[in-house]
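Chain A is the first sequence line, chain B the second, and so forth, proteins listed ahead of strands; every chain is numbered from 1.
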Amino acid sequence: MTNEIRVRFAPSPTGFVHIGSLRTALFNFLFARHHEGKNILRIEDTDQSRKVDGAVENLISSLERLGITFDEGPVTGGDKGPYYQSDRLEIYKKYCNDLLENGNAYYAFETQEELDEMRRLQQLEGKQTMYDRRGRDLSADEVNQKLASGIPYVIRLKVPLGEEVRFNDLVKGNIKIDTDIVDDQILLKSDGFPTYHLANVVDDHLMNITHIIRGEEWITSVPKHILIYRALGWDVPQMAHVPLILNPDKSKLSKRQGDVAVEDYLKKGYLKEALVNFIALLGWNPGEGEEKEFYSMEELIKAFTLERVQTSGAVFNIDKLNWMNNSYIKSYDIDALTEMSVPFFEGTGIDTNDRDKLKKILSAIRVYLNKLDEIPNHVGIFVNESVVLDDEKLRELLTADSSKIAFESLIKKIETIDSLTADNYKSAIGDVQTETGVKGKSLFKPVRIALSGSENGPELPAIAEILGKDKVLDLLKKWI
RNA sequence: GGUCCCAUCGACUAGGGGUUAGGUCGCCACUCUUUCACAGUGAAAACACGGGUUCGAAUCCCGUUGGGACCGCCA
């Protein structure tokens, strides 16, 4: 298959999956599946100082939980591996040497301090800060001498001057950049590791990547990459730079202004389907007057095209996510929802082994939940030993004559029932109405308050069933 | 500061020469409901500005303004 589409998601293993990364991963996955191509995971761990233990496993499991899978990668394997860049060091060195030999790269020996000073001066002059290419002037003898004396070195790209690099980005369109402002990028660091730029180009080429789909923050380094491809005599893959996900103040989505890790959202009880649906619609939409808001992964795969990716950034709007998550919670299969809600019932005083009860409670309260971690806010009425009333007005209402009459009647009715259900509670309360003449607000309000301690909440019959006969009787008897 | 990118309701967006500029979230009102919520109905709410091109511009071009990203031996 020569025309097979191959894309890659290439995160650095920093420990968690950023919402922005999630969207990049999603778009890559969607694009690959839409075209029946391959989705590849590559770990960009060339920065030794940023290694985090267990990060890769965490990353893969987070993504897989959301339904984003890979056809090749560190766990899955594949014939283009290894998929850890730290296992590919020899490969990068080889191509770096090629670049050195064909005159497209050179040695440089500046210290960190020298580079800092260079930038400081440039800043003073109001120029773009970049390496001043002074290493290009070193003679072969000078270079050999420095090398021989063991001075630390890096290898830099020799950017051809006075040219214009053009490329056609699949979402941004035509972009051109003058090579004079392209930095002589470091290719190989003094620790022998490649930089992102070199490793990226080499790997994308060797792994036969056809489309590079990544965040817009990379767009300014595309010319460097193109120059490397060119210097190595390789074809440049198609590029698609997707716009950023933004904070409410329009800056790049960052930790300071809320949660940015996918794990945080999962932990709070956002459903994976809602998260995927919401993220997909951030910066992409099917267009053509389509007004649908809810998409399954399958539907997304079918509809996804790069042409429909937005050109401008999108603010991450938590209100809309909440609304969408609530919609999913309301319509989710109740048994499945019950299972995934179990952790959120821990510590509420409700026996989580009683799945039937959990299910009933969830059915009653799911309409209130924007996310599962709000469950404890709504289950208090089901575990309270007794109802405490701070409000004197409510107390008065419960001790009113009509309330007493209604309570007495209701108690009698319920005592004849074996097992209290929503249905027989309903008929019991109906009987109370006809027998006592107490009805409407003056009936329902006191009962609600007596049972739940609150003026509002889920439907009374449901509450009664969940509370059970004994508990309902107890609560009612307090007021007669 | 330099380079690049971007610009429709508060937010996500549809529309891409002729539309009452449409939908969704949020906000507000009303209806339904014993309550809250849900649901339903309705309202308020946008083409950043200035020049062109054109019979006609939100739509095409240029400029201005505004916003953002990048400018590391991080990715």
Side-chain angles (χ1 to χ4, degrees), chain A residues 10-14 44-47 49-50 85 108 110-112 115-116 119 122-131 152-156 169 171-173 175-178 180-183 185-197 199-200 214-223 241 243-244 246 248-252 278 281-294 310-324 326-327 330 365-369 378 429 433 439-449 452 454-460:
Chain A
S12 55
T14 50
E44 312 234 328
D45 58 348
T46 55
D47 184 358
S49 64
R50 298 217 304 186
Q85 288 189 329
E110 288 72 27
T111 63
Q112 199 54 253
L115 293 174
D116 288 346
R119 279 188 206 103
Q122 285 165 336
Q123 230 150 31
L124 247 39
E125 284 181 72
K127 287 192 202 159
Q128 172 160 334
T129 56
M130 62 191 284
Y131 182 61
Y153 66 90
V154 298
I155 293 172
R156 287 181 180 272
D169 190 88
V171 346
K172 297 283 187 180
I175 294 171
K176 51 179 184 187
I177 295 177
D178 201 326
D180 287 358
I181 60 127
V182 177
D183 204 357
Q185 186 59 52
I186 289 176
L187 266 15
L188 205 69
K189 301 183 255 188
S190 55
D191 64 0
F193 279 69
T195 57
Y196 170 83
H197 306 284
N200 206 256
R214 75 237 294 183
E216 189 183 352
E217 67 266 35
W218 291 108
I219 208 159
T220 46
S221 48
V222 171
H241 288 86
L244 267 16
L246 277 19
D249 72 356
K250 305 267 187 186
S251 59
K252 186 164 134 182
F278 177 73
L281 258 21
L282 224 45
W284 173 86
N285 72 81
E288 287 173 19
E290 188 57 75
E291 288 175 359
K292 200 167 136 90
E293 294 282 337
F294 293 95
Q310 215 68 21
T311 48
S312 53
V315 172
F316 186 90
N317 183 195
I318 196 79
D319 282 338
K320 191 158 186 179
L321 205 213
N322 284 338
W323 162 78
M324 183 166 276
N326 173 255
S327 298
K330 280 186 295 199
I365 66 168
R366 77 209 288 202
V367 71
Y368 297 100
L369 304 173
H378 298 275
I429 201 88
Q433 268 185 75
K439 56 185 175 182
K441 277 187 180 167
S442 51
L443 169 61
F444 291 104
K445 215 171 170 183
V447 177
R448 168 176 294 283
I449 295 165
S452 73
S454 168
E455 282 182 276
N456 38 249
E459 292 185 350
L460 228 25

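By the ring pair (Phe, Tyr, Trp, His ring centres under 6.0 Å) test, Phe444(A) is found to be paired with no residue, residues two or more places apart in sequence or in another chain being considered. Listed by chain and residue number, nothing satisfies the salt bridge (Lys or Arg N to Asp or Glu O under 4.0 Å) test with Glu217(A) (two or more places apart in sequence, or in another chain). Residues that satisfy the salt bridge (Lys or Arg N to Asp or Glu O under 4.0 Å) test with Lys127(A), not counting sequence neighbours, are Glu125(A). Every residue meeting the salt bridge (Lys or Arg N to Asp or Glu O under 4.0 Å) condition with Lys292(A), not counting sequence neighbours, appears here in chain and number order: Glu299(A). Every residue two or more places apart in sequence or in another chain that forms a salt bridge (Lys or Arg N to Asp or Glu O under 4.0 Å) with Glu44(A) is listed here: Arg42(A). Residues satisfying the side-chain contact (heavy atoms from CB on, under 4.5 Å) criterion with Thr311(A), sequence neighbours excluded, are absent altogether. Applying the ring pair (Phe, Tyr, Trp, His ring centres under 6.0 Å) test to Tyr153(A) and every residue at least two apart in sequence or in another chain returns Tyr107(A). Not a single side-chain hydrogen bond (donor to acceptor under 3.5 Å, both in side chains) links Ser312(A) to another residue, sequence neighbours left out. Partners of Lys250(A) under the side-chain hydrogen bond (donor to acceptor under 3.5 Å, both in side chains) rule, at least two apart in sequence or in another chain, do not exist in this structure.
Residue Leu282(A) contributes atom CG, which lies 7 Å from atom C1' of C12(B) at whole-angstrom precision. The distance from atom OH of Tyr131(A) to atom C1' of C73(B) is 12 Å, rounded to the nearest whole Å. Atom CD1 of Ile318(A) is separated from atom P of A11(B) by 17 Å (rounded to the nearest Å). Between the P atom of C25(B) and the CZ atom of Phe316(A) lies a distance of 17 Å, rounded to the nearest Å. Atom pair Ile177(A):CD1 and C4(B):P shows a separation of 7 Å (rounding to whole Å applied). Between the P atom of C73(B) and the NE2 atom of His197(A) lies a distance of 9 Å, rounded to the nearest Å. The NZ atom of Lys176(A) sits 13 Å away from the C1' atom of U3(B) (whole-angstrom rounding). One can place OH of Tyr196(A) at 13 Å from P of C70(B), the figure rounded to the nearest angstrom.
A 3.5 Å limit on both hydrogen-bonding distances identifies no Watson-Crick or G-U partner for C27(B).
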Scan nucleotides 20-23 of chain B against the protein and return all N/O pairs shorter than 3.5 Å with their distances rounded to 0.1 Å.
| residue | atom | partner | partner atom | Å |
| --- | --- | --- | --- | --- |
| G22(B) | O2' | Glu291(A) | OE2 | 3.3 |
| G23(B) | O4' | Glu291(A) | OE2 | 3.3 |

Which atom pairs link the protein and nucleotides 65-69 of chain B when you take only N or O atoms and keep those under 3.5 Å?
| residue | atom | partner | partner atom | Å |
| --- | --- | --- | --- | --- |
| A69(B) | OP1 | Lys252(A) | N | 3.1 |

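Comparing Thr195(A) and Gln123(A) by the nucleotide of RNA chain B whose heavy atom lies nearest to each, the residue mapping closer to the 5' end is Gln123(A). When the nearest nucleotides of RNA chain B are assigned to Asp178(A) and Gly287(A) by heavy-atom distance, the more 5′-ward of the two goes with Asp178(A).
Between A14(B) and Gln310(A), a contact under 4.0 Å exists linking OP1 or OP2 to a side-chain N or O. Taking side-chain N and O atoms only, Arg214(A) has no distance below 4.0 Å to OP1 or OP2 of C70(B).
Note on ring orientation: taking the six-membered ring where Trp is involved, the planes of Phe294(A) and Trp323(A) are tilted (angle from 30° to 60°). Using cut-offs of 30° and 60° on the angle between ring planes, the pair His197(A) and Trp218(A) is perpendicular.
When heavy atoms are screened at a 4.0 angstrom cut-off, Thr46(A) is found touching the sugar-phosphate backbone but no base atom. Among the protein residues, Gly215(A) comes within range of no part of the nucleic acid, since none of its heavy atoms lies under 4.0 Å from any strand. Across all strands, Ser190(A) comes closer than 4.0 Å to base atoms (heavy-atom distances). Among the heavy atoms of the strands lying under 4.0 Å from Val154(A) is at least one base atom, whether or not backbone atoms are also near. Among the heavy atoms of the strands lying under 4.0 Å from Glu110(A) is at least one base atom, whether or not backbone atoms are also near.
Counting only distance, with no hydrogens or angles, the side chain of Thr46(A) and the backbone of Phe193(A) share no donor-acceptor pair below 3.5 Å.
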- Note on the structure: In B/S/- notation (B base, S sugar-phosphate only, - none; protein heavy atoms under 4.0 Å), nucleotides 31-42 of chain B written 5' to 3' is ---BBBBSS---
